[in-house]
Amino acid sequence: MAAVKLPDGRELTVEPGEKAREVAERIGKRLARDAVVAKLDGRVVDLDAPVDGGGLFEVVTRDSDEGLEVLRHSTAHAMAQAIMELYPESKLTIGPPIENGFFYDIEVDGKISDDDLPAIEEKMREVVARDLPIVREAVSKAEAEELYKDNPYKMEIVEALEDGDITIYRQGEFFDLCRGPHVPSTGALGAFKLQNIAGAYWRGDEKNPMLTRIYGTAWGSEKELKAYLRRLEEARARDHRKVGKDLKLFTFSPDVGAGIPLFLPKGEMLRHLMEGYVREVQTRHGYDHVWTGNIANETLYTKSGHLEHYREDMFPPMVDGETRIRLKPMNCPSHMTLFNTEAHSYRELPIRYAEFSTLYRYEKSGQLTGLTRVRALTQDDAHVFCTEDQVQEEFARALEIIREVLDTYGFEDYKVRLSLRDRGSDKYVADDEKWTRAEEALRQALDAAGIAYEPVEGEAAFYGPKADFMAKDVLGREWQLSTIQVDFIQPARLGCEYIGEDGEAHTPVLLHRAVTGTTERFMAVLIEQYGGAFPLWLSPVQAVVIPVADRHLPYAREVQSKLAGDGLRVEVDDSQNSMQKKIRENARQKVPYLLIVGDNEAGEGSVNVRKRGEKNQEAVEVEAFMRQAQEEISARGPRGRD
RNA sequence: GCCUGAGUAGCUCAGUGGUAGAGCAGCCGCCUUGUAAGCGGCAGGUCGGGGGUUCGAAUCCCUUCUCAGGCUCCA
């Protein structure tokens with residue numbers, strides 16, 4: 001008689017051939033009802049699978065991550081069935097579960113659009129109502145080939161599989177080549193909603209045919225589905241494109257060009273503050289700021305190798321007689337040129353050049369998105385020329401800057417992806433010893449800083465290993481912001497040298513690093529992180545003085561000039577609106593402080609402070625407000641939000 | 001670049017073959033206000049651009065520009 005072990009340590013004897021579902025029922029009725037699949041020694045299996053004992057037996061319920069994944073996968077099948085019934089000549093390809101839902105890529109018989117989604121959803125509900133048992137079936141390769149003789153996509157998948165390792169899942173008339181596992185019947189699906197239709201190339205390759213991808217979301221209960229849809233709503237309300245328009249930060253115009261953001265006064269103030277902050281931190285950490293303009297001779301990029309490796313992402317050249325000029329896509333060649341303007345001794349190293357100039361990259365038109373993907377972008381870029389021995393220390397220094405800045409902005413949850421070479425591959429530049437040392441240096445620096453990192457082999461740049469910072473915003477979305485890269489290659493190509501202790505010429509190692517990445521993308525992330533309610537130090541307008549009646553305007557201006565004299569960014573709302581409306585409008589602009597002034601305030605030299613997000617008011621002396629605001633600004637806190 | 005969809009007043013949107021609309025913003029008046037919309041009036045459009053179908057086009061077709069969501073999460 002075989003036995004299984006339960007997660008709580010108990011042992012349970014199982015009959016030969018007893019199914020997972022039956023074992024679950026013996027553990028508990030309620031558990032069996034919530035069960036989606038089971039796990040045997042960590043391997044996920046259908047509830048219909050026999051439990052032959054021996055290992056750890058776990059029941060996976062629909063509220064666990066794994067259970068949800070199965071639920072979503074099964075929902076994808078239900079959608080595929082619905083589509084096959086509505087558009088019978090369609091060809092299925094792949095339909096995996098994804099974060100929050102699922103998709104299915106289908107070569108649809110005919111044309112479908114978003115308007116057809118409700119009908120498909122309706123058909124899916126029919127499939128659910130039929131409560132068809134979902135049955136796993138092992139098939140031979142030959143059988144699979146026969147089943148899919150009219151479907152080249154599935155055929156391609158079958159061809160790649162080992163005979164004896166092929167299964168299909170059936171539910172009623174419908175079947176799909178699938179590894180599984182799945183919920184026991186179509187009636188066991190949870191709450192779902194089809195979301196949108198998109199095109200997707202077969203296997204993601206633009207040389208392949210375009211398939212129709214339908215995205216859906218699926219959850220264990222109606223309540224969870226609703227909560228998810230509400231989260232989506234909230235995210236939309238924070239969308240930087242919407243907030244940027246509402247708060248008059250930036251705009252785009254086809255007259256100027258796609259992917260070229262135009263910053264309005266408040267947006268430019270925000271840029272200025274963001275860059276000023278990074279500049280201050282960098283200066284404190286020994287970086288020097290330089291400026292190398294926006295265009296460069298094409299020959300520079302021939303030397304650096306960019307023209308060869310990066311041509312597609314560069315704007316076409318401007319031709320001036322014999323000379324070809326390019327918009328600058330990266331700063332590194334320019335910084336190396338600066339380095340080469342004089343001879344260097346090892347005593348001068350490290351040399352750290354930082355720059356905020358705008359770069360131009362010819363992103364494909366379909367890739368452009370708000371501020372997160374633009375053609376004119378401003379990196380907070382820096383290049384550190386150092387000796388090999390200094391790599392670890394300089395890496396640690398860059399790390400420190402990045403941590404300080406991310407902390408200030410409230411990105412407390414981030415991880416590092418340490419991209420290493422794939423030892424088997426030859427696409428990386430040789431010199432094994434250098435690589436090993438560099439990788440080791442990066443690991444040690446990360447360990448010393450106590451930062452969790454995930455090493456990923458084969459993701460390194462061709463010129464060296466790198467560490468990318470993945471930060472999570474308040475909505476739980478992950479962004480790649482900061483990066484630190486070690487470069488063994490380019491300095492030699494551009495002829496960078498320093499004279500070492502030994503009197504010989506050596507090639508320095510180059511560290512490329514960016515703190516916030518690009519000002520544009522980081523601004524987008526910040527707008528969404530704060531929902532437009534920036535902390536005081538970062539607010540384009542820090543306070544608006546609102547006179548109760550027109551006769552208080554002179555006092556309002558007096559207050560404004562006092563505060564402005566103290567360096568605060570203050571406006572007076574002298575519009576013809578009522579006081580109530582001024583409060584409403586300025587509150588909607590997320591101004592941190594509204595200062596109401598009327599007879600009382602003018603009489604005693606005070607302001608009535610209404611803080612963003614708070615309704616209670618407080619009368620304070622102008623000087624006291626100034627002190628308090630300055631304190632808040634220099635602490636770069638408290639965090640924004642409303 | 002490709003797929004699907006969208007583009008109407010500064011903004012948000014209604015209008016599906018028969019005289020281009022609303023709210024907000026703007027301008028002009030009145031009101032002089034005590035903590036999230038005071039009242040009245042006026043003005044505002046090549047319906048993204050170009051071409052076509054039609055007696056007639058915001059509406060149908062073609063084309064072009066811009067925007068949105070996608071385009072390896074690998075059965």
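So that the names make sense, note that chain A is the first sequence line, chain B the second, and so on, each numbered from 1. Below, all heavy atoms of this structure are taken into account, side chains as well, without hydrogens, waters or symmetry copies.
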Between [atom2] on [N] and [atom1] on [X], what's the gap in Å once rounded to a whole number?
| X | N | atom1 | atom2 | value |
| --- | --- | --- | --- | --- |
| A/His73 | B/C73 | NE2 | P | 16 Å |
| A/His552 | B/U33 | NE2 | P | 8 Å |
| A/Leu368 | B/C2 | CG | C1' | 14 Å |
| A/Lys207 | B/C71 | NZ | P | 18 Å |
| A/Glu601 | B/U35 | CD | C1' | 11 Å |
| A/Glu585 | B/U33 | CD | P | 21 Å |
| A/His240 | B/C67 | NE2 | P | 12 Å |
| A/Glu614 | B/A36 | CD | P | 14 Å |

Those residues that, when tested against A/Lys207, pass side-chain contact (heavy atoms from CB on, under 4.5 Å) (two or more places apart): A/Asp205
Return the nucleotide paired to [N]: Watson-Crick means purine N1 to pyrimidine N3 with N6-O4 or O6-N4, wobble means G-U with N1-O2 and O6-N3, both under 3.5 Å.
| N | result |
| --- | --- |
| B/C73 | none |
| B/U12 | B/A22 |
| B/G7 | B/C65 |

For the student: nearest non-hydrogen atoms of A/Val607 and A/Phe625, plus distance: CG2-CB, 4.2 Å
Heavy-atom pair with the smallest gap, counting every atom of A/Ile583 and A/Leu594: O-CD1, 3.8 Å
Aromatic plane relationship, A/Tyr228 with A/Trp219 - under 30° parallel, 30 to 60° tilted, over 60° perpendicular: tilted
Sticking with atom [atom1], work out how far [N] lies from [M], rounded to a whole angstrom.
| N | M | atom1 | answer |
| --- | --- | --- | --- |
| B/G34 | B/G41 | C1' | 29 Å |
| B/U16 | B/A68 | P | 27 Å |
| B/C67 | B/G51 | C1' | 23 Å |
| B/G56 | B/A20 | C1' | 15 Å |
| B/U63 | B/G5 | P | 14 Å |
| B/C60 | B/C55 | C1' | 16 Å |
| B/A25 | B/C2 | C1' | 39 Å |
| B/G45 | B/G21 | P | 13 Å |

Set of side chain to side chain donor-acceptor pair (under 3.5 Å) partners for A/Asp246, sequence neighbours left out: A/Lys242
Sequence-distant partners of A/Lys562, side chain to side chain donor-acceptor pair (under 3.5 Å), two or more places apart: none
Any pair counted as salt bridge (Lys or Arg N to Asp or Glu O under 4.0 Å), so long as it reaches residues 63-81 of chain A, sequence neighbours left out: A/Lys39-A/Glu66
Distance-only donor-acceptor check, side chains A/Ser539 and A/Gln542, under 3.5 Å: no
No-hydrogen, no-angle side-chain donor-acceptor test under 3.5 Å, A/Glu632 and A/Gln628: no
Contact list for RNA chain B against residues 573-583 of chain A - heavy-atom distance below 4.0 Å: A/Gln576, A/Ser578, A/Met579, A/Gln580, A/Lys581, A/Ile583
Near-strand residues of residues 137-149 of chain A, defined as heavy-atom separation under 4.0 angstrom from RNA chain B: none
Set of residues satisfying ring-ring contact (aromatic ring centres under 6.0 Å, His included) with respect to A/Tyr453, sequence neighbours excluded: none
NZ on A/Lys266 to NZ on A/Lys248, rounded to 0.5 Å: 6.0 Å
For [X], report the nucleic acid contact type (base, sugar-phosphate, nothing); a contact means any heavy atom under 4.0 Å.
| X | answer |
| --- | --- |
| A/Ala549 | base |
| A/Ala587 | base |
| A/Asp599 | base |
| A/Ile98 | base |
| A/Asp550 | base |
| A/Thr369 | sugar-phosphate |
| A/Asp255 | nothing |

By nearest atom, which of the nucleotides [options] is closest to the [X] side chain?
| X | options | value |
| --- | --- | --- |
| A/Val548 | B/G34, B/A75, B/A68 | B/G34 |
| A/Pro254 | B/U35, B/A68, B/C65 | B/C65 |
| A/Tyr215 | B/G70, B/A36, B/A75 | B/G70 |
| A/Asn600 | B/G34, B/A75, B/U32 | B/G34 |
| A/Leu161 | B/A75, B/G34, B/G69 | B/A75 |
| A/Arg241 | B/G34, B/G70, B/G69 | B/G69 |

Below 3.5 Å between N/O atoms, which protein atoms pair up with nucleotides 4-11 of chain B? Just atom names and distances, please.
none

Give a yes/no on whether any side-chain N or O of [X] is located under 4.0 angstrom from OP1 or OP2 of [N].
| X | N | value |
| --- | --- | --- |
| A/Arg213 | B/C71 | yes |
| A/Arg610 | B/A36 | yes |
| A/Arg584 | B/U35 | no |

Distance-only criterion, 3.5 Å: show the donor-acceptor pairs between side-chain atoms of residues 156-166 of chain A and protein atoms not counting sequence neighbours.
residue, atom, partner, partner atom, Å
A/Glu156, OE1, A/Trp202, NE1, 3.1
A/Glu156, OE2, A/Arg203, NE, 2.8
A/Asp163, OD1, A/Lys141, N, 2.8

Output field: ring centroids A/Phe174/A/Tyr169 closer than 6.0 Å: no
Taking only nitrogen or oxygen atoms into account, show me every contact under 3.5 Å that the protein makes with nucleotides 47-50 of chain B, one pair per line with its distance.
none

More than 12 heavy atoms of other groups within 6.0 Å of A/Lys123 NZ: yes
Pairs meeting criterion ring-ring contact (aromatic ring centres under 6.0 Å, His included) with involvement of residues 241-268 of chain A, two or more places apart: none
Within residues 579-589 of chain A or reaching into it, pairs that qualify as side chain to side chain donor-acceptor pair (under 3.5 Å) - sequence neighbours excluded: A/Asp573-A/Asn586
Passing candidate, side-chain hydrogen bond (donor to acceptor under 3.5 Å, both in side chains) with A/Asp176, options A/Arg170, A/His182, A/Gln81, A/Lys154: A/Lys154
